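Because the structure is a prediction, the values reported are computed rather than measured. Along the sequence shown, residues are numbered consecutively beginning with 1.
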Amino acid sequence: MEQIKPIAIHLPQFHPFAENDEWWGKGFTEWTNVTKAKPLFKGHQQPHLPADLGFYDLRLSAARMAQMELAKAYGIYGFCYYHYWFNGKRLMQEPIDLMLKNPKEDFPFMLCWANENWTRRWDGMDKEVLIHQDYSQEDDIAHIHFLCRFFSDSRYIRVDGKPFFVIYRPALFPDIKQTLATWRSEAIRMGIGQLHIGFMNSFSFNEAPETYGFDCKIDFQPNFSALPRQEFAPLREKIQTKLGIKKSAYYGNRILSYDKYVDKTINELKTIPKTYPGITPGWDNSARRASGSTIFKDATPQAYGRWLKHICKTYKNQDTFLFINAWNEWAEGNHLEPCQKWSRQYLEITKDVLSNG
């Protein structure tokens, strides 16, 4: 049966680990950023606080199971976990490793390699690199050997029997074509077989997949290389800033209309061969940054539902994945998980729209 299969992107950051203790303070998790956020302008939704699942710790199987059960109940096909690999060193891997060992966590999953330098970008210090992302033929081989333990799991998401693996930033590789060729040959040699490899197309890397040896690309949302112009500050805030009474959040941050972005995306949406559609319920990373945030204001479940309906209409009677960014990016203001403002409305609209085609 042809259908849209929604895959929610999942951040495994919600637990303490040694590197976070060292870089941001003892006991730091993503919740630290989430709970300290404050509204920057009238109508700004901050902080984003969890409802049904609470402030969970992903080292606990009960927390992971609760996520999976909720996702299943609202028609989510599977999770796409961010995977962090730095020449054999991994970060925030414990929840994924524990999931792999527990057969009771019976929910489809796949991996996306977040192949960037690990920097202090979260708090606005982009140039302070904590761990470099280096590339080499030796590392390509070591990496794919490691990944095969996930690819061989029966829960791993496949396309025509091929494990589906995604690269976040392909433009950062010195020779991505050679890396993919190495991965494919090694996967066959190790008995995994053919791979289905894609990339996120949100960072000015929008080539045809086959040009570099990919099988597909994903319309990662929001598309940072195609965002609309900055919203202008309201006149009242301009006057207050000029008089020195108050500095407007519109100066130093990029504030955009989610509703207008939905309109723009709907108008431009079309089916493209070897491309999976994407959607986001919102975006607001001001919880992570003192300045330089990108904020979608007026994000609502209804506007998200309007976008989702158009995707379903456009891809009607097609067998495709839909990548939802994200399941639990709380500090980026984009989460399907229930929050204290909207409760389960994003999940309810997702299930309703997808089940009704």
Side-chain angles (χ1 to χ4, degrees), residues 1-10 45 48 50-53 65-80 106-110 155 157-160 164 166 198 200-201 216-223 257-283 296 298-329 333-357:
M1 177 181 175
E2 294 179 338
Q3 60 177 324
I4 295 176
K5 297 183 282 293
I7 296 177
I9 297 173
H10 188 291
Q45 183 192 343
H48 286 245
D52 301 38
L53 300 182
M65 290 286 287
Q67 286 184 321
M68 294 174 187
E69 289 165 4
L70 189 63
K72 285 180 183 178
Y74 287 91
I76 302 301
Y77 178 80
F79 287 151
C80 177
D106 187 19
F107 193 59
F109 76 94
M110 58 183 289
R155 296 164 291 179
I157 293 171
R158 292 169 166 77
V159 177
D160 298 327
F164 190 179
V166 177
M200 302 297 188
N201 73 338
C216 66
K217 60 184 176 181
I218 293 159
D219 180 28
F220 183 87
Q221 291 293 342
N223 188 332
S257 167
Y258 178 81
D259 212 42
K260 289 180 181 178
Y261 183 71
V262 169
D263 289 339
K264 177 180 183 293
T265 306
I266 285 175
N267 290 335
E268 295 173 354
L269 183 64
K270 57 184 177 181
T271 58
I272 303 173
K274 301 181 180 180
T275 300
Y276 296 116
I279 189 172
T280 182
W283 181 272
F296 276 128
D298 63 43
T300 65
Q302 291 71 35
Y304 162 79
R306 184 163 61 87
W307 186 358
L308 185 59
K309 286 178 183 178
H310 188 78
I311 291 174
C312 288
K313 181 180 178 181
T314 304
Y315 284 83
K316 188 175 182 180
N317 299 324
Q318 295 188 43
D319 194 19
T320 188
F321 294 109
L322 168 65
F323 283 82
I324 305 174
N325 184 35
W327 175 258
N328 63 337
E329 285 276 15
N334 56 335
H335 47 85
L336 289 181
E337 286 183 336
C339 68
Q340 292 184 19
K341 178 171 183 176
W342 299 110
S343 188
R344 296 191 177 192
Q345 288 188 45
Y346 280 102
L347 286 169
E348 290 166 350
I349 285 176
T350 300
K351 182 179 181 179
D352 181 63
V353 172
L354 289 169
S355 62
N356 288 307

Is any side-chain heavy atom of L308 closer than 4.5 Å to a side-chain heavy atom of Y346? no
Any side-chain heavy-atom pair of R155 and F107 under 4.5 Å: no
Does CG in N267 sit with more than 12 non-hydrogen atoms of other residues, nucleotides or ligands closer than 6.0 Å? yes
Is there a side-chain contact (heavy atoms from CB on, under 4.5 Å) between Y261 and W283? Walk through the geometry before answering. CA-CA 11 Å; Y261 183 71; W283 181 272; over 6 Å; no
Considering all heavy atoms, the nearest I349-G305 contact: CG2-CA, 3.5 Å
Is a donor on one side and an acceptor on the other found under 3.5 Å between the side chain of D352 and the backbone of E348? no
Within-4.5 Å side-chain heavy-atom neighbours: Q45 and W342: yes
Please test Y304 against V353 for side-chain contact (heavy atoms from CB on, under 4.5 Å), starting from the C-alpha separation and ending with a verdict. CA-CA 11 Å; Y304 162 79; V353 172; over 6 Å; no
Checking side chain to side chain contact (heavy atoms under 4.5 Å, CB included) against I7, which of L322, I324, I157 comes through? I157
Close side-chain approach of I9 and F220, heavy atoms under 4.5 Å: yes
Can you tell me how far the OH atom of Y315 sits from the CD atom of Q3, to the nearest 0.5 Å? 16.0 Å
Side chain proximity check, F164 to C216, heavy atoms < 4.5 angstrom: yes
Please report the closest heavy-atom contact between A299 and P281, naming both atoms and the distance. CB-O, 3.8 Å
How many angstroms lie between atom OG of S257 and atom CG of D263, to the nearest 0.5 angstrom? 7.5 Å
Does D298 come within less than 4.0 Å of K260, counting only side-chain N to carboxylate O? no
Could you state the interatomic distance from CD1 (I218) to OH (Y276), rounded to the nearest 0.5 Å? 8.0 Å
State, to 0.1 Å, how close E337 and W327 come at their nearest heavy-atom pair, and which atoms those are. OE2-NE1, 2.7 Å
All heavy atoms of A303 vs all of V262, minimum pair found to be O-CG1, 3.9 Å
Taken to the nearest 0.5 Å, the spacing of F323 CZ from D219 CG works out to 11.0 Å
Any non-hydrogen side-chain atom of I76 less than 4.5 Å from a side-chain atom of M68? no
Testing the basics here: between A66 and L53, what is the closest heavy-atom pair and its distance to 0.1 Å? CB-CD2, 3.9 Å
Are any non-hydrogen side-chain atoms of Y77 and I4 less than 4.5 angstrom apart? no
Check step by step if side-chain contact (heavy atoms from CB on, under 4.5 Å) holds for F296 and N334. CA-CA 10 Å; F296 276 128; N334 56 335; over 6 Å; no
Rounded to the nearest 0.5 Å, what separation is found between the CD atom of Q302 and the CD atom of Q345? 5.5 Å
Using the side-chain contact (heavy atoms from CB on, under 4.5 Å) rule, take T314 and K316 through it: C-alpha gap first, then chi angles, then the decisive distance, then the call. CA-CA 6 Å; T314 304; K316 188 175 182 180; over 6 Å; no
How many angstroms lie between atom OH of Y258 and atom OG1 of T265, to the nearest 0.5 angstrom? 8.5 Å
Side-chain contact, heavy-atom cut-off 4.5 Å: N328 with F79? no
How close do Q221 and N325 get, counting heavy atoms only, and between which atoms? O-ND2, 2.8 Å
